[in-house]
Amino acid sequence: MLTVLLSSFVLAFHNITVRVLFSEHLVLGLFLLGGYVKPDLQNSFLLMFMRMLLVVPLMASLAFKLYPSAFREFRELFRRDRTTERLAGA
């Protein structure tokens, strides 16, 4: 349940950040906030890349905590004889 709540909070924060970056708004009738980046395809890809740089390490660290054998299985993924075992079994 905590993971679902945390992911909802992060997704909401991401949506607010994207809105502030791409469009300008008057906050409390006092000052303008946002509109720092032009909403085009290149900037959208840049935003997705920056999000990936943050999310991938966080998800990896969370995976090792939630699924204790994740590190062992991650090492198994890069073993050299993994493909030969699969071919020999077929």
Which atom pairs, donor and acceptor, lie under 3.5 Å between side-chain atoms of residues 14-23 and protein residues at least two apart or in another chain?
| from | atom 1 | to | atom 2 | distance (Å) |
| --- | --- | --- | --- | --- |
| His14 | NE2 | Arg51 | NH1 | 3.4 |
| Asn15 | ND2 | Leu11 | O | 3.4 |
| Thr17 | OG1 | Phe13 | O | 2.8 |
| Ser23 | OG | Arg19 | O | 2.9 |
| Ser23 | OG | His25 | NE2 | 3.0 |

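Note: the hydrophobic cluster containing Val27 also contains Leu30 (ILVMFWY, side chain heavy atoms under 4.5 Å, direct or indirect links). Hydrophobic clustering (ILVMFWY, side-chain heavy atoms < 4.5 Å, transitive): Leu32 and Leu28 are in distinct clusters. Grouping the Ile, Leu, Val, Met, Phe, Trp and Tyr side chains by contacts below 4.5 angstrom, directly or via other members, places Leu33 with Leu47.
Looking only at atom types and distance, the side chain of Glu24 has no donor-acceptor partner in the side chain of Tyr36 under 3.5 Å away.
With side-chain heavy atoms closer than 4.5 Å counting as contact, directly or through intermediates, the hydrophobic cluster containing Val56 also holds Phe49, Met52, Leu53.
Around the CZ atom of Phe74, the shell of radius 6.0 Å holds no more than 12 heavy atoms that belong to other residues, nucleotides or ligands.
A distance of 14.5 Å separates CZ in Phe45 from CE in Met50, rounded to the nearest 0.5 Å.
With sequence neighbours left out, Lys38 forms a salt bridge (Lys or Arg N to Asp or Glu O under 4.0 Å) with Asp40.
Shown here for Ala70 and Ala63, the closest heavy-atom pair between the two residues is CB-O, 4.0 Å.
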